[in-house]
Amino acid sequence: MLTFMKQLPNLFTLLNLFLGCLAIIFILQNGITIMYGADGAQLVDMPEKIWMASLCIGLAAVADFLDGFAARLIKAGSPIGKELDSLADVVSFGVAPGMIVYQFLRMSFMKQENGVDVSVFWLLPALLIPCAAAYRLARFNLDSSQQVQFKGVPAPAVGLLVASFPLIYWNSDSAAIVGFMLNKWVLYVFIILISYLMVSRLPFIAFKFGSSSMKNNLPGIILLVTALIAAIFFKWLAVPLVFIFYIILSLAFKNRST
């Protein structure tokens, strides 16, 4: 029983990895649907079942939280647990989100004339996301100073952000929002920006409510309240809005954490 309890955090970490792999399966096996209208025009769309990948990434984030929580609760932290956690995070919050962006890039090209024959070269920038996530997580493992503040945006935050894309796409009634999401230049800028934020040394708040100090917990409380309000009014669109607010909040409180 004692041995099982010590391995409990690692089991949550492996669940994180399992869900990340499952997300990749949902992203890639559905591919993109190609249809033809009555006038012979080519119509392309992303199968709605890709939202299952978003669900898997969300559940992976829950498992990622639980492995750290369990390790602190039963004092079962270990070097192997730390390494395993980063390996799982690369898959769930690096590779899987990268594949979602890859599919959005494919759709953005397929909506153009002869887009079906687009070279894979134009889709490869999506792989910068898992590369940046891997670098970010490797640096985190070697830096003991990232307990109160992260250096670079955390990979799970990026994973949740990208996981919201299919949900926004399928639930938005705004043609402007859908068109914005399927603009290849917007996607390229997003890839560069989000990859930079991960590998940068900009300070980002680590939301660990382990202190009784209101000052230390204030950023987390502000973000939580903002997220709840945004979810009510904006639904899935709240995710990117809260992510942007997280960046602003982190920069605003960068000199106030202890």
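Just the heavy atoms: all of them, side chains too, but no hydrogens, waters or symmetry mates, feed the values below.
To the nearest 0.5 Å, atom CG of residue D64 and atom CD1 of residue I57 are 12.5 Å apart. Distance CD/Q103 to CG/L28: 6.0 Å, rounded to 0.5 Å. Atom CG in L224 sits 10.0 Å away from atom CD1 in I229 (nearest 0.5 Å). Atom CG in D85 sits 5.0 Å away from atom OG1 in T13 (nearest 0.5 Å). Considering CG of L124 and OH of Y102, their distance stands at 7.5 Å, rounded to 0.5 Å. Residue Y246 holds its OH atom at 14.0 Å from OG1 of T226, rounded to the nearest 0.5 Å.
When side chains are defined from C-beta on, F180 does not count as touching N183, because their heavy atoms never get closer than 4.5 Å. Using a 4.5 Å heavy-atom threshold, the side chains of Y169 and I177 count as separate. Side-chain atoms of L127 and M99, non-hydrogen and from C-beta on, do get closer than 4.5 Å to each other. In this structure, C131 and S195 have side chains that are not in contact, with every pair of non-hydrogen atoms separated by 4.5 Å or more. Between W236 and W170, the closest side-chain pair of non-hydrogen atoms is not below 4.5 Å. The closest side-chain heavy-atom distance from L84 to L14 is below 4.5 Å. Between I194 and L161, the closest side-chain pair of non-hydrogen atoms falls below 4.5 Å. By the 4.5 Å heavy-atom criterion applied to side chains, E83 and N141 are counted as neighbours.
Under the 4.5 Å side-chain heavy-atom criterion for Ile, Leu, Val, Met, Phe, Trp and Tyr, L187 and V120 are members of the same hydrophobic cluster. One hydrophobic cluster, built from ILVMFWY side chains closer than 4.5 Å, cannot hold both L87 and I24; they sit in different ones. Taken together through direct or relayed side-chain contacts under 4.5 Å among Ile, Leu, Val, Met, Phe, Trp and Tyr, I247 and V189 form parts of separate hydrophobic clusters. Under the 4.5 Å side-chain heavy-atom criterion for grouping Ile, Leu, Val, Met, Phe, Trp and Tyr, M181 is connected to F234 within one hydrophobic cluster. Cluster annotation: V186 is not connected to I244 through the hydrophobic network of ILVMFWY side chains, with a link wherever side-chain heavy atoms come within less than 4.5 Å.
When all heavy atoms of N16 and A60 are compared, the pair lying nearest together is OD1-CB, 3.4 Å. Nearest approach of V91 to G20, heavy atoms of both residues: CG1-C, 3.9 Å. Contact detail for I100 and A163: the closest heavy-atom pair is CD1-CA, 4.2 Å. When all heavy atoms of L160 and V239 are compared, the pair lying nearest together is O-CG1, 3.7 Å. Minimum heavy-atom separation, R139 to M198: NH2-O, 3.6 Å. What you find for A23 and C56 is that their closest heavy atoms are CB-CB, 3.7 Å.
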- Under the side-chain contact (heavy atoms from CB on, under 4.5 Å) criterion, do I27 and I50 qualify, and how do the steps go? CA-CA 6 Å; I27 294 164; I50 201 171; 4.3 Å; yes
- Decide yes or no on side-chain contact (heavy atoms from CB on, under 4.5 Å) for C21 and L17, but give the supporting numbers first. CA-CA 6 Å; C21 293; L17 177 60; 4.2 Å; yes
- Task: Decide yes or no on side-chain contact (heavy atoms from CB on, under 4.5 Å) for W51 and N171, but give the supporting numbers first.
- Result: CA-CA 11 Å; W51 71 266; N171 292 283; over 6 Å; no
- Query: Could you walk me through whether F243 and V153 pass the side-chain contact (heavy atoms from CB on, under 4.5 Å) check?
  - Reply: CA-CA 10 Å; F243 182 85; V153 69; 3.8 Å; yes
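Under the 3.5 Å distance criterion, the side-chain polar atoms of S172 are left unmatched by any main-chain donor or acceptor of V178. With S250 contributing its side chain and I205 its backbone, the two residues share a donor-acceptor pair below 3.5 Å. Remark: the backbone N or O of F109 is not paired with any side-chain donor or acceptor of K184 at under 3.5 angstrom.
Other residues, nucleotides and ligands place more than 12 heavy atoms under 6.0 Å from the CZ atom of F245.
Residues F104 and F190 place their aromatic rings such that the two centres sit no closer than 6.0 Å.
Test V101, L193, L105, L128 against Y188 for side chain to side chain contact (heavy atoms under 4.5 Å, CB included) and you get one pass: L105.
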